[in-house]
Enquirer: 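Structure in structure tokens, see below.
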Amino acid sequence: MAASVPRLRFAPSPTGYLHVGGARTALFNWLYARKFGGQFLLRIEDTDKARSTDESTRAIFDGLQWLGLLWDEDVVYQGANVGRNREDAYAMLAHGTAYRCFCTQAELAERRAAAEASKESFKYDRRCDRLDSSEIERRVTAGVPSTLRFRVPEGTTSWDDLVHGEIAFPNKDIEDFIILRGDGTPIYNMAVVSDDIFMQITLVMRGDDHISNTPKQILLYRALGSPLPQFAHLPMIHGLDGKKLSKRHGATAVSDYQHLGILPGAMLNFLALLGWSPGHDIEVMSLARMRELFDTDGLQRKAAIFDPKKLEWMNGQHLSLAPVDELALIVGPALERAGLTSAAELADREAWYHALLELLKVRARTTDDIVRQAEPFFRDEIGYDAEAEAKQWKDRPSTRGLLAGARDALAALPSWDVEGMEGALRALAERSGFGDKAGRIFQPLRVALTGLSVSPGIFDVLAMLGRERSLARIQSAVVHLSDEQA
RNA sequence: GGCGGUAUCGUCUAGGGGACUAGGACACGGCCCUCUCAAGGCUGGAACACGGGUUCGAAUCCCGUUACCGCUACCA
């Protein structure tokens, strides 16, 4: 038989932001579709009008786009399909796989409470299914409101889950659930099945909190005479305390990480490893590589805990690996937002800017780190970090002399190149009696040049700052140290 | 309560009966490199939930217990 093209969908409800858990579900759906030449569709489940907002829908689009998880075909809005969902429900009524229920919500709540009080588990007793046709006819013509309930058949419902293997539910544990509300709108399971059939979904890959919905949905597929898709239930993502990831664990929206300076590729890589492993100890991967390696065999069954530390490490890896010209596009706007430079300046000094990124990216974990570390290279005036000053400029008179010496040695250089600078400064160290401990000059000098005790190598700093600015900064430090004495 | 799912280092995981004195990564400690910080290299401590089976042999298969999670709405 000809294998059909896989069609998968990501179906979030627009009731908040794009959650990292949702992003991971989207990623696995995307990977599977792309790897096997299928389609990845997006369906916005906005049937809960009270909680759905356009803003949330926008956030889902933005998040997916930022991550580079682009979908095929037009976005499907579930709310637009209620008509067809309803028709499907009525078709079941016509075929006798569903029946009208006249019980009111109040009655149901009362019976449920009574059952609970006597410690019995409540299950709809099918009383409306025992009504004779004339009575049903009478109530319908009298305008008595009714819902549609699915008549659960005998037997057991099972499927071969792509991540869990065989899962079976005895039908006796499933009650005759409502598929259509009194107002004619479909209940979740009805809408999902109706839409998945219409969209010709072949693999439903979603969170494992949907496992107990699955037998109901399978029953619905059968009642509608449609072939079953495959199912794959992904484990949940929990916070550091082992509980379901929520707001109190800190950032849970994809956009939060975007604003924290995380690279989309790193986010994706980190998320992929939460519940999936390609084996062979492979960890750092590009999206393209994940797509090559993806396989449902590597999917995990256990919930994973979201560890921000590892995300940061992962981001550092991606930062180091990222080509500077690509990184420049992301860091540039961030530098502008920080008020350090303008797009025009960056374009003007592109080679210099790229060289700076090359120096900073390896020692940064987020793009925010890069911006922070880039500050001394853009500002005209710098301040001195108190701790750095206290530690590296401990003996101020001698430090002043040292810096003046460094200033003169550097100023005397015929050309501003690393070899010359290194030779001159190491010679100065010798003369100062530091022997090969040239760091005793480099460290105070670093503070003079950057105001910080942490920076790229001192010669790189001098080179990036340039002759004029470097000498001026050292001079400022000398003056600063003199003022202190006065 | 009922039903379902899950269970390897603190965390992410490899492992799919003998290759396991259980491997890698994050985090943590030490060492090396070194002008600082990173990065990198080396290295240390750290796990098969428990109890029964099956088997010549179980982290791997089966059963039970425990713990955790999910569902149990005219929410999605």
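Naming convention: chains lettered A, B, ... in sequence-line order (proteins, then strands); numbering from 1 in each chain.
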Enquirer: Under 4.0 Å, counting only non-hydrogen atoms across every strand here, what does A:Asn213 touch: a base, just sugar-phosphate, or nothing?
Expert: base
Enquirer: Measuring only the C1' atom in each nucleotide, how far is B:rU66 from B:rG51? A whole number of Å is fine.
Expert: 10 Å
Enquirer: Without hydrogens or angle criteria, can the side chains of A:Arg100 and A:Ser146 be said to hold a donor-acceptor pair below 3.5 Å?
Expert: yes
Enquirer: Quick check for you: among B:rC12, B:rA76, B:rG2, whose closest atom lies nearest to any side-chain atom of A:Ile187?
Expert: B:rA76
Enquirer: Run through A:Gln230, A:Arg301, A:His233 and flag the one making a side-chain hydrogen bond (donor to acceptor under 3.5 Å, both in side chains) with A:Asp161.
Expert: A:His233
Enquirer: Just N and O in the side chain of A:Arg301: are any of them under 4.0 Å from OP1 or OP2 of B:rU13?
Expert: no
Enquirer: At 4.0 Å (heavy atoms only), tell me whether A:Ala388 reaches a base, stays on the sugar-phosphate, or touches nothing.
Expert: nothing
Enquirer: Is there a donor and acceptor pair, one atom on the side chain of A:Lys310 and one on the base of B:rA27, closer than 3.5 Å?
Expert: no
Enquirer: For A:Ser455, report the nucleic acid contact type (base, sugar-phosphate, nothing); a contact means any heavy atom under 4.0 Å.
Expert: base
Enquirer: Please assess A:Arg112 against A:Glu116 for the test salt bridge (Lys or Arg N to Asp or Glu O under 4.0 Å), listing each intermediate value before the final yes or no.
Expert: CA-CA 6 Å; A:Arg112 203 182 326 267; A:Glu116 249 168 65; 6.0 Å; no
Enquirer: Is A:Ser453 touching bases, backbone alone, or none of the nucleic acid, heavy atoms closer than 4.0 Å?
Expert: base
Enquirer: When you compare B:rA7 with B:rC62, how far apart are their P atoms, in angstrom units rounded to a whole number?
Expert: 12 Å
Enquirer: When you compare B:rG2 with B:rU65, how far apart are their P atoms, in angstrom units rounded to a whole number?
Expert: 11 Å
Enquirer: Distance check, C1' atoms only: B:rG4 and B:rU60, in whole angstrom units.
Expert: 24 Å
Enquirer: Is A:Arg363 close enough to B:rU36 that one of its side-chain N or O atoms is under 4.0 Å from OP1 or OP2 there?
Expert: no
Enquirer: Does a side-chain N or O from A:His233 land closer than 4.0 Å to OP1 or OP2 of B:rG5, or not?
Expert: no
Enquirer: Would one find a side-chain N or O of A:Lys302 under 4.0 angstrom from OP1 or OP2 of B:rU8?
Expert: yes
Enquirer: With a 4.0 Å cutoff (strictly under), does any side-chain N or O of A:Gln373 reach OP1 or OP2 of B:rU36?
Expert: no
Enquirer: Which is true for A:Tyr188 with a 4.0 Å heavy-atom rule: it touches a base, it touches only sugar-phosphate, or it touches nothing?
Expert: base
Enquirer: Whether A:Arg151 engages the ring of A:Tyr99 as a cation-pi pair (distance to the six-membered ring centre under 6.0 angstrom, angle to the ring normal within 45°) should be assessed.
Expert: no
Enquirer: For A:Arg426, which contact category applies under a 4.0 Å heavy-atom criterion: base, sugar-phosphate, or nothing?
Expert: sugar-phosphate
